[in-house]
4 protein chains.
Amino acid sequence: MAMTGVLRPGHVQIRVMDLDAAVGFYRDVLGLEEMGRDASGRVYLRAWDERDHHSVILRAADQAGMDFFAFKVADEHSLNKLEADLRDFGIKTERIPAGDLLETGERVRFEIPSGHQIELYAKKTFVGSDLGQKDPKPYSKRFDQGIAPMRMDHALLYGPNVDQVLEIFTKVLGFHLAEFVTLPGTDIKGALWLCCSNKAHDIAFVVHPEPGKLHHVSFYMESIDRVFRAADIMAANDVRVDIGPTRHGITRGGTIYAWDPSGNRFETFSGGNSSYPDLPPIEWSWEGLGEGGGLDVAHRKMHETFLTVVT
Amino acid sequence: MAMTGVLRPGHVQIRVMDLDAAVGFYRDVLGLEEMGRDASGRVYLRAWDERDHHSVILRAADQAGMDFFAFKVADEHSLNKLEADLRDFGIKTERIPAGDLLETGERVRFEIPSGHQIELYAKKTFVGSDLGQKDPKPYSKRFDQGIAPMRMDHALLYGPNVDQVLEIFTKVLGFHLAEFVTLPGTDIKGALWLCCSNKAHDIAFVVHPEPGKLHHVSFYMESIDRVFRAADIMAANDVRVDIGPTRHGITRGGTIYAWDPSGNRFETFSGGNSSYPDLPPIEWSWEGLGEGGGLDVAHRKMHETFLTVVT
Amino acid sequence: MAMTGVLRPGHVQIRVMDLDAAVGFYRDVLGLEEMGRDASGRVYLRAWDERDHHSVILRAADQAGMDFFAFKVADEHSLNKLEADLRDFGIKTERIPAGDLLETGERVRFEIPSGHQIELYAKKTFVGSDLGQKDPKPYSKRFDQGIAPMRMDHALLYGPNVDQVLEIFTKVLGFHLAEFVTLPGTDIKGALWLCCSNKAHDIAFVVHPEPGKLHHVSFYMESIDRVFRAADIMAANDVRVDIGPTRHGITRGGTIYAWDPSGNRFETFSGGNSSYPDLPPIEWSWEGLGEGGGLDVAHRKMHETFLTVVT
Amino acid sequence: MAMTGVLRPGHVQIRVMDLDAAVGFYRDVLGLEEMGRDASGRVYLRAWDERDHHSVILRAADQAGMDFFAFKVADEHSLNKLEADLRDFGIKTERIPAGDLLETGERVRFEIPSGHQIELYAKKTFVGSDLGQKDPKPYSKRFDQGIAPMRMDHALLYGPNVDQVLEIFTKVLGFHLAEFVTLPGTDIKGALWLCCSNKAHDIAFVVHPEPGKLHHVSFYMESIDRVFRAADIMAANDVRVDIGPTRHGITRGGTIYAWDPSGNRFETFSGGNSSYPDLPPIEWSWEGLGEGGGLDVAHRKMHETFLTVVT
């Protein structure tokens, strides 16, 4: 197969301080569809072009942040093989039984050296996009309910030991490195954009002293026009914006960074480079990340919040 | 690896009747960069976001059409393995020596039952995109020279035995089927959109009595705005348009079909669904292709040229 | 004053065969807001960025078409002055009392030599745009309910004596001619694009043997992206499309021509040239209108429906 | 006439510190066409959709800023009438002879109480847009040379006595007020957006202690996509950006504020409300300008530079 093993980001569980406020935001402002709630009160949502049951899970908690980030893998065989490979690499894994998450099969969970819980799974109920599977119409009203991204696209995570994370994702999980940033005056890769597809990235990491931190969860928009519309909807709903609209030099994607009601950063993202495993990664210096426009093409500076505000 | 085996469309060799007119079109109107000419007079071009040496090769001939369509594979091992798998499947392959095409390694060529010559190769000189590999700027003047697509994206090929082609692409080459059309009143798949990535498609086939025919080579545009700009540039340069601007229901991509000076159809394409091997393909009926907007969302009809004009 | 006399298109009364179907279309598919119904059963609607009470009036009738097209003038003084000027020019006018149309003051109605009923009025209740008048937010959900144009923008009318119409609009009503088409092999202006503002046009005429015909009423979209979205919504609602998406060479506007359920053509239009009374009009030959892309930049041909299908 | 008296912004003379650097910026980065130089060394430029000879004049000086801002009026009669009206209103005017500016007729110059030199003129050589006047093609390469705005659109000027400026522009020059901002805790209009057309504005003023200051000269872009492209080109050419890309709540236009090499701010602007003299102006409170998104929809805050950095 051409696309094998790890296929795509599958779900993220986000901790929110006030569940009602969070649902109000993710459903009515961001425009995800509520797909269900489980016995423990978690709320499941998905974007209109996603075809599996859910991609975002909200859990009420005392502290904002991310519980875990999961990837769908091609099949049970891949799941078993990847778990074995992880163990061979010295990473402890555990199995979460099917049904722990609604409509989701067994998950393999493991902690990576940056302190994040990562999951792999092979099964989640297929529900189809809002357009259906047979002679689909090209439009659904859901495209325009709230910001209405097409999909949960990726996350940027902050924590230590990014070099070890790079090893695990490229040597064990089969990702390729699309772009990276070196730390000031060194060759050390301090920030990674990693892909299991030909998207601009499927997950990214920035080195950070505190483990297990969430920088942002990103949602994909169809165009720059739609990113601008997102800013309008954020304004109409008093959503606090961090950076943008602008373009990232890294990935060349259009972007807005903003905060959910609990202070978790999210992104509305569009476009972006294509990437392939045979292509050498694009290299950014630390100055390139800031003054070179890697973070913000329009303003070409390091925004302090980029390095300091995480949940 | 997550992306393995066949990675992406690598090059297409197009037959043109008047080489000077063709270069004038592909370089100055479509806006590809001329990368070189070989001893036999073939002209090599690439789009601004492509990182390998070339993607389009023009060959002067008495008759328009496509000589071959090639895919880049991950590495030499994949090349050998895929060749062995093709032979096991009963397909004859031949090796074209490195250097036969400029800056390109050894190629495995084989004919598929639709009558097309397909190639696989593992090596082509990496030249980098127009933006470079270190702290790239976000803009190059080449973005705006002519229609200026980002890349050669895919081709749609016409020929018989599409069912056997489906077998080869999915069972041997590792592609997945993203969308298909059934022939009138049957369950027979008469048109296929096939992927080796999470793009909307990497190659497509429509059943046709005559073998080895080219319907179009497609070039990727960043946005609907850029597709409209392409129409303006076509008009300013008297490029004959077939269909569009419109959206395809199939793939949900923005499109214009038009003809190069030799009568080869090309497409300027944008957006499009994402696809993954675990997702069931979207099914279109024959009416869905025509009246259902599969071909043309705006006009929802079968355009006669779609079925009859090929090179 | 810089903008004086006739200010802008104010309303159009459209005849529809099935009022319920028409309301379903104009309100739910086109996305106008229903503002009221009068004793005679007429339905009043407006677009989200319009600030007066209504711009479209639907009247149930046995035959599709347009009853009248009206312009708002600056004030009562202008209304009286323009009526006097029309009479001096030999045009019969009548006064329709205030209140005949909901929330609308006295109207001056007159027939022009093309057989159309044109109206001027100075008063209509100001209701404000959907965003309000004080510290407005930049977004309202109404932007995305249906096709959701910003405003009724202009109409194209078909009838005889276009030369006399030009005289009246430029010499009496103060419009300027932005663009025109000459009839085949002549200097006779057979099609006119006329402005009372610096828009691409506020009303247009094409010479036609039958008087009083409607070619289309046009609705303004914010961008090409929104014109494409309109095509998607048309497809999802089985709206029959005539031409487009494409660009008109004349006016340089993005366009789709389509038909309402009664067969009245409407347009979703975006962009377009700016025009001013001191600038010489742009001249199009008959070939320029067709093969030159005046009507359809992408296809550069005369569409037969453009000349023959009117209501 | 519907459009009478003052028609549109006609030219602005900008003081630059280093003429070569300025020409390099305005011609090669902003993408205006150089139309000529006069005996005193001034450089004349225009945007691709402008039809008069020039709209921007660069003058080498020791200090950045604006020498004067001029409006084209309908004809000589209007020029004489407006000059007489200005004098009746107590404003001193002077006549600058024809030919003082290349290809430009006699100008009436006067100082307004904000300390700015404003000019009116009736004649400037018509050169036509880049597309020509007969059967124009829809595309010219000039559309894509640099940022390539369609036109010089408006200026925002800073100075005292904004209330008197409002009187002159509305009572003498025939402008209407489209939007305004009241000073904190008062009903005093401290910022004005004024129109002589149905554009979002043709000139704007903000109250400021120092007279005669330039906030920015604005250039019109066709779409949000083109505003984003402008940011990319600014980045590739190290143009310093102040604010944006974002939307202004005031006018609803897309925007980037940035600085030319002399420190004069310019804007790339798109979209924006339509305005008419009969419509009440939109009112913004001081908080609306800042926290309400009047200046910056995405960030909803007062940017300190907006109030302090002028030339």
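Every chain is numbered from 1 and lettered A, B, ... according to where its sequence line falls, protein lines coming before strand lines.
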What is the minimum heavy-atom distance between [X] and [Y], and which atoms define it?
X	Y	answer
D:Val239	D:Ala258	CG1-CB, 4.0 Å
B:Ile233	B:Val29	CG2-O, 4.1 Å
B:Leu102	B:Gly36	CD1-C, 4.1 Å
B:Gly253	B:Phe269	CA-CE1, 3.7 Å

State, with a plain yes or no, whether a side-chain heavy atom of D:Leu58 is found less than 4.5 Å away from one of D:Val23.
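D:Leu58 reaches D:Val23 side chain to side chain.
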Between D:Met66 and D:Val217, is any pair of side-chain heavy atoms under 4.5 Å apart?
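No. Closest side-chain heavy atoms not under 4.5 Å.
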Can you pull out the donor-acceptor contacts between chain D and chain B, under 3.5 Å, including backbone atoms?
unit_1   : atom_1 : unit_2   : atom_2 : d
D:Lys137 : NZ     : B:Asp238 : OD1    : 3.4
D:Tyr139 : OH     : B:Arg229 : NH2    : 3.4
D:Asp144 : OD2    : B:Arg229 : NE     : 2.9
D:Asp144 : OD2    : B:Arg229 : NH2    : 2.8
D:Ser223 : OG     : B:Asp225 : OD2    : 3.0
D:Asp225 : OD2    : B:Ser223 : OG     : 3.0
D:Arg229 : NE     : B:Asp144 : OD2    : 2.9
D:Arg229 : NH2    : B:Tyr139 : OH     : 3.4
D:Arg229 : NH2    : B:Asp144 : OD2    : 2.8
D:Asp238 : OD1    : B:Lys137 : NZ     : 3.4

